[in-house]
Amino acid sequence: MADTRQPIKAVRGTRDILPPDTSLWQHVEDSARRVFHRYNFHEIRTPIFEATELFARGVGEETDIVGKEMFTWEDKARAQSERSQSLTLRPENTAGVVRAYIEHKLGESGMLQKLYYVGPQFRRERPQKGRYRQFYQIGAEVLGPPSAGSESPARDAEVIVMLADLLREVGIQQWSLHLNSVGCADCRPKYNEALRAALKDVVHTMCADCRRRAVNNPLRVLDCKVPEDQPKIAALPTIGQYLDEKCRVHFSEVKSILDATGIRYDVNERMVRGIDYYTRTTFEFSHGGLGAQSALLGGGRYDGLSESLGGPKAPGIGFALGLDRFVIALEAEGVTAPATAPRAYIAPLGAGMNPEAAKLAHELREQGMAVEVGDESFRLKKSFESAERAGIPFVVIIGENEVKAGAFAVKDLTSGEQVTVSRGEIVKTLS
RNA sequence: GCGGCUAUAGUUCAGUGGUCAGAACGCCGGACUGUGGCUCCGGAUGUCGUGGGUUCAAAUCCCACUAGCCGCCCCA
């Protein structure tokens, strides 16, 4: 038997989010839902765990996420009717959404699907500020058959504009948008080849990290922060030079729409994304003051994902926003959630007054008013202090005098004024 | 997964070998027996992260573990 005095703690990389922090989280979630609905997005809820195969095929076998960061277990068969299978806590939600799109044949409607989700994701990384093993994302996906317009650069731009709206709505001001195109299945391999060829000549003069990246993932070399390497990196070929005609046109139309809507962005040809499925447009909104985890949200187009999961052709674009980091950014900018306190504190005074207080509280709550109730054992001073501390503007006293008179004493804590009102007038007095 | 820093009251922290571990804020009680904010008085804060070791003696030194933070990798 374990020592029962030893309290059990939240496991590494997980945490509790408590009030009043939760109200800031709700502020972000409520804002997101509001903004998304303006853009005609609808919520989808997919399972928190899926077949491991989904992420292996969707996110990419070679990615860090799939290679070393997934919570995976073998779910053993316990009955003849069950089969054993490998399951994984979702490390991201796009694969699950596309799986659902395919499974429910949403493309058959011929309509563009505009879906958003809110929920926990799981990655087994080293925890840090703004990086947790259970973290929360808000994301959205636009996908559908090409005939529904899913391939249009207008979709890319609309998603990005929506995010700028969300940032404004929520109150984040110090953001920057980084934009890139990573090309398609035709032109990206050509760029990769060119990059490898160029690196062959200079990589031996670069830092140890770069020498390793040049072999594993040449695109990552572009991310290097070592000052001495910068001139060499600047001389490497850029993806822009290798985009084919269609990709180039697509990218320039995305930019035109952003220009038309007044969204500021930097084209960053060195921006590399960690998930295999991205094609053409990729983007990232970042925020200062987040330290090593500066990315607030990121996304991009994934024209081949549905097919790689065995589905129909269904080009799409989406993003994921890290709520944990988003909230840190909000705090850094001093954004606070609108305060919510009950309207009145009902203070029963003296033995036998609890039922009277409960009766009044119930009547007020039935009419939609939020109220808090003290206890007949409290001295009045304690009731007033409790109301004061909770930010409740009115105290309603119910004692012997009030019951005899058939009225309540109502004190406005802001003005200090106290009046006596009948049961029938109390709602008006408190409103 | 790698490197570094850290862990003492609810919170922010002081305390680097020697009576029973401290401050501020917060909390509780009283002055004020049915009236908050200000003031004054009093009180409790705690297996000093966990487990070992060294020592006559450990919050303090050593080791391991756990957790957090910073950076790397990577990423939301």
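In what follows, every chain begins at residue 1, and chains take the letters A, B, ... in the order their sequences are listed.
Under a cut-off of 6.0 angstrom, the local environment of CZ in A/Arg270 is crowded, with over 12 non-hydrogen atoms contributed by other residues, nucleotides or ligands. Applying the 6.0 Å contact sphere to CZ of A/Arg34 captures more than 12 heavy atoms from other residues, nucleotides or ligands. Within a 6.0 Å radius of CZ in A/Phe49, no more than 12 heavy atoms belonging to other residues, nucleotides or ligands are found.
Residues from residues 413-422 of chain A lying near RNA chain B, meaning a heavy-atom separation below 4.0 Å, are A/Leu413, A/Gly416, A/Gln418 in numerical order. Within residues 340-359 of chain A, the residues approached by RNA chain B to less than 4.0 Å at the level of any non-hydrogen atom are A/Leu349, in residue-number order.
Between A/Arg379 and B/G30, a side-chain N or O to OP1/OP2 separation shorter than 4.0 Å is present. Applying the 4.0 Å criterion to OP1 and OP2 of B/C27, one finds that A/Arg389 has a side-chain N or O inside that range. The phosphate of B/G68 has OP1 or OP2 within less than 4.0 Å of a side-chain N or O from A/Arg12. Proximity of A/Gln128 to the phosphate of B/G71: a side-chain N or O atom is located under 4.0 Å from OP1 or OP2.
When distances are taken from the side chain of A/Lys129 to each of B/A76, B/C69, B/G29, the shortest belongs to B/C69. In this structure, the nucleotide among B/A76, B/G36, B/C70 sitting nearest to the side chain of A/Glu385 is B/G36. Listed nucleotides: B/U35, B/G3, B/C74. Nearest to the side chain of A/Arg126: B/G3. The side chain of A/Lys381 lies closest to B/A31, out of B/A31, B/C69, B/A76.
Ranked by how close their nearest RNA chain B nucleotide is to the 5' end, A/Ala10 and A/Gly299 are led by A/Ala10.
Between A/Tyr278 and A/Tyr302, the gap from one ring centroid to the other reaches at least 6.0 Å.
Evaluation of atom-type donor-acceptor distances gives no pair under 3.5 Å for the side chain of A/Arg123 against the base of B/C74. Counting distance only, with no hydrogens placed and no angle test, the side-chain atoms of A/Glu388 and the base atoms of B/G36 include a donor-acceptor pair under 3.5 Å.
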Can I get a per-line list of side-chain donor-acceptor pairs under 3.5 Å for residues 326-342 of chain A, giving both atom names and the distance, sequence neighbours left out?
from	atom 1	to	atom 2	distance (Å)
A/Glu333	OE1	A/Gln173	N	2.8
A/Glu333	OE2	A/Gln173	N	3.1
A/Glu333	OE2	A/Gln174	N	2.8
A/Glu333	OE2	A/His287	NE2	2.8

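The base-pairing partner of B/U35, taking Watson-Crick or G-U wobble contacts with both distances under 3.5 Å, does not exist among the strands shown.
A/Leu222 has its CG atom 12 Å from the P atom of B/C74, to the nearest Å.
A distance cut-off of 5.5 Å between ring centres, combined with a plane angle under 30°, leaves A/Phe326 outside any stacking arrangement with the base of B/A76.
Geometrically, A/Lys382 engages A/Phe378 in a cation-pi contact defined by less than 6.0 Å to the ring centre and at most 45° from the axis.
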